[in-house]
Amino acid sequence: MKPRHLLITLAVAGSLPAIAADPNTDPLAWLQRAATAAKSSTYSGTFVHTSGERTQTMRVTHVVVGGDEHERIQSLDGPPQEIVRRNDEMFCYLPDAKTVRLDRRVTARFFPSIFRAAPEAIAQNYDLKLGKVERVIGYECQWIRLEPRDALRFAQRLCAELASGLLMRAKTLNEKNQVIEQFTFTELKLGPQVARSDVRSTFSAQIRQWTTDKRPLEEAKGADTGWMVANPPAGYRQVSEMRRTFPGREQPVSQIVLTDGLASMSVFVEPANGAVRPEASSEDGTTSYYVRPSGDQVITVLGEVPAAAVQQAGRGVQRRP
């Protein structure tokens, strides 16, 4: 081929429009639909959360008003509790303690809103594939398979409703392909069937005599703890750093939050106060735990990740230069 013809060929090839992926067969497009639907759709339903031998029934109602998300989550098992959320600001109603606690959502997974990063960022750590279409409580939904690219996160199976993209079911699998956690709707209403008034707390009329605890919200604004995670597990990034007050602790505890967009873990640093805590680690279902001493401090890592991830994060904790 003559040089001139080669240049013309390259120029033509470079000007060809990119071939867009078919949104019906592109798993990343389905992941984007699921993430968008969780934030922008109006829905109300009951779901069951199972983790190991623990099972909890919850009710979630979600509407969007003026571009703001409004959501109410009710615990239907055990002591009555509610969380009313406006975007990332949360009001936690605890009637047994007659307390309303104000807090901020950092990485909490509130099904079906389980994404804490853009789908493109999540896809960097998981291989995405589409599974079969299945009928769930009367809705057709598309399974999305997320296979981890390393041993630092669990596999995920997400089932998105065909018309809206809203997640109907989500499963977490261990390395033996066993389901270790599952969220699944047992009843769901979509769209205009849901009233805006349904996101109001059922305890609104009773809280005048309750205590309002604003400290968690103030603490969640963040603070320089003086600690860092050097060489964090691949794919995880720090999204928050704060000093928290916990019951039973005389001094605030430093907390650093890491996430890969789906899985997350918290690193805690606190004074040892003379206690001897040898290095230890455990894994129970999706929850892993790691602890080690560091001079006169104790470092603890807790997360819904494999044990290898909390161990690497915990061993990388050091004072910031």
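Position 1 is the first residue of the sequence, and the numbers go up from there.
- Here the side chain of R72 pairs a donor or acceptor atom with the backbone of D198 at under 3.5 angstrom.
- E187 and T46 form a side-chain donor-acceptor contact under 3.5 Å, judged by distance and modelled atom types alone.
- For the salt bridge (Lys or Arg N to Asp or Glu O under 4.0 Å) with D103, the qualifying choice from K221, K214, R244, R215 is R244, the only one to do so.
- Side-chain contact check for S264 and T259: no donor-acceptor pair (N or O, by modelled atom type) lies under 3.5 Å.
- Put simply, F111 and L188 are part of the same group of oily side chains (I, L, V, M, F, W, Y) that touch within less than 4.5 Å, one to the next.
- Considering every non-hydrogen atom in both A37 and G165, the closest pair reads CB-C, 3.7 Å.
- Hydrophobic clustering (ILVMFWY, side-chain heavy atoms < 4.5 Å, transitive): L166 and W30 are in one cluster.
- Side-chain polar atoms of Q255 and S266 form a donor-acceptor pair below 3.5 angstrom.
- The side-chain heavy atoms of E270 and Q251, taken from C-beta on, include no pair separated by under 4.5 Å.
- The aromatic rings of W210 and F203 sit tilted relative to each other, their planes meeting at an angle between 30° and 60°.
- Residues A313 and V229 approach most closely at O-CG1, 3.6 Å, considering heavy atoms.
- The closest side-chain heavy-atom distance from L146 to F154 is not below 4.5 Å.
- Note on M265: it clusters hydrophobically with I256, by side-chain heavy-atom contacts below 4.5 Å among ILVMFWY residues.
- To the nearest 0.5 Å, atom CZ of residue R135 and atom SG of residue C141 are 11.0 Å apart.
- With rounding to the nearest 0.5 Å, the separation of CD in E181 from NZ in K171 is 13.0 Å.
- Atom SG of C159 is separated from atom CZ of R169 by 7.0 Å, given to the nearest 0.5 angstrom.
- I299 and S294 get closest at one heavy-atom pair: CD1-CB, 3.6 Å.
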Original post:
Are Y236 and V305 close enough, and set up right, to give a side chain to side chain contact (heavy atoms under 4.5 Å, CB included), and what steps lead you there?
Top reply: CA-CA 11 Å; Y236 289 87; V305 298; 3.4 Å; yes

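- Interatomic distance, L31 CG to L158 CG, rounded to the nearest 0.5 Å: 6.5 Å.
- Hydrophobic cluster membership is shared by I137 and V60, with clusters built from Ile, Leu, Val, Met, Phe, Trp and Tyr side chains linked at under 4.5 angstrom.
- Residues F47 and Y139 share a single hydrophobic cluster, defined by chaining ILVMFWY side chains whose heavy atoms lie under 4.5 Å apart.
- Q156 and T172 share a donor-acceptor pair across their side chains, judged by distance under 3.5 Å alone.
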Subject >> CA sep, side-chain torsions, deciding dist, call: L102, E89, side chain to side chain contact (heavy atoms under 4.5 Å, CB included) >> reply: CA-CA 7 Å; L102 278 57; E89 189 174 78; 6.0 Å; no

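- Shortest non-hydrogen contact noted between E279 and P293 is N-CD, 4.0 Å.
- The closest side-chain heavy-atom distance from L130 to I144 is below 4.5 Å.
- D26 places none of its side-chain heavy atoms less than 4.5 Å from the side chain of Q32.
- Remark: side-chain polar atoms of T36 are not paired, donor with acceptor, to backbone N or O of R33 under 3.5 angstrom.
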Original post:
Given the rule in the side chain to side chain contact (heavy atoms under 4.5 Å, CB included) test, do V310 and Y289 qualify, once you have shown the distances and angles that lead to the verdict?
Top reply: CA-CA 7 Å; V310 295; Y289 166 86; over 6 Å; no

**OP:** Decide side-chain hydrogen bond (donor to acceptor under 3.5 Å, both in side chains) for Q81 and S75; before the verdict, give the C-alpha distance in whole Å, the side-chain angles of both, and the deciding distance to 0.1 Å.
**Re:** CA-CA 6 Å; Q81 296 181 6; S75 173; 5.7 Å; no

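- In the model, R59 has a side-chain atom that pairs as donor or acceptor with a side-chain atom of S44 under 3.5 Å.
- For the pair V291/V298, a side-chain contact is recorded, criterion being any heavy-atom separation below 4.5 Å from C-beta on.
- When each of R196, R86, R85, H62 is paired with H70, the side chain to side chain contact (heavy atoms under 4.5 Å, CB included) condition holds for R86 and for no other.
- Within a 6.0 Å radius of CZ in R149, more than 12 heavy atoms belonging to other residues, nucleotides or ligands are found.
- Annotation: side chain of R116 is not in contact with side chain of V239 (no heavy-atom distance under 4.5 Å).
- Taking all atoms of both residues into account, the shortest heavy-atom contact from A35 to P119 is CB-CG, 4.1 Å.
- Side-chain atoms of D77 come within 3.5 Å of backbone atoms of T57 as a donor-acceptor pair (strictly under, hydrogens ignored).
- Side chains of M58 and F183 form no contact here, defined as non-hydrogen atoms less than 4.5 Å apart.
- With a 6.0 Å radius and a threshold of 12 heavy atoms from other residues, nucleotides or ligands, E250 has its CD atom at or below the threshold.
- Within 6.0 Å of CZ on R145 lie no more than 12 heavy atoms contributed by other residues, nucleotides or ligands.
- Considering all non-hydrogen atoms of both residues, A307 and S288 come closest at N-OG, 3.2 Å.
- Checked options Y93, F91, F110; the residue passing with I83 is F110 (criterion: side chain to side chain contact (heavy atoms under 4.5 Å, CB included)).
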**OP:** Apply side-chain hydrogen bond (donor to acceptor under 3.5 Å, both in side chains) to Y126 and D260, showing your working.
**Re:** CA-CA 10 Å; Y126 299 85; D260 72 349; 2.9 Å; yes

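- Applying the 6.0 Å contact sphere to CZ of R320 captures more than 12 heavy atoms from other residues, nucleotides or ligands.
- Counting heavy atoms of neighbouring residues, nucleotides and ligands inside a 6.0 Å radius, atom CZ of R200 does not exceed 12 of them.
- Here the CD-CD distance, from E134 to Q142, works out to 10.5 Å after rounding to the nearest 0.5 Å.
- Under the 4.5 Å side-chain criterion, counting only non-hydrogen atoms from C-beta, E161 is in contact with L190.
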**OP:** Quick one: do E147 and R157 satisfy side chain to side chain contact (heavy atoms under 4.5 Å, CB included)? Show the steps, please.
**Re:** CA-CA 9 Å; E147 299 292 349; R157 301 287 185 269; 2.6 Å; yes

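- Between Y43 and F185, the ring planes lie perpendicular to each other; the angle is over 60°, past the 30° to 60° tilted range.
- Atom OG1 of residue T212 and atom NZ of residue K98 lie 13.5 Å apart, to the nearest 0.5 angstrom.
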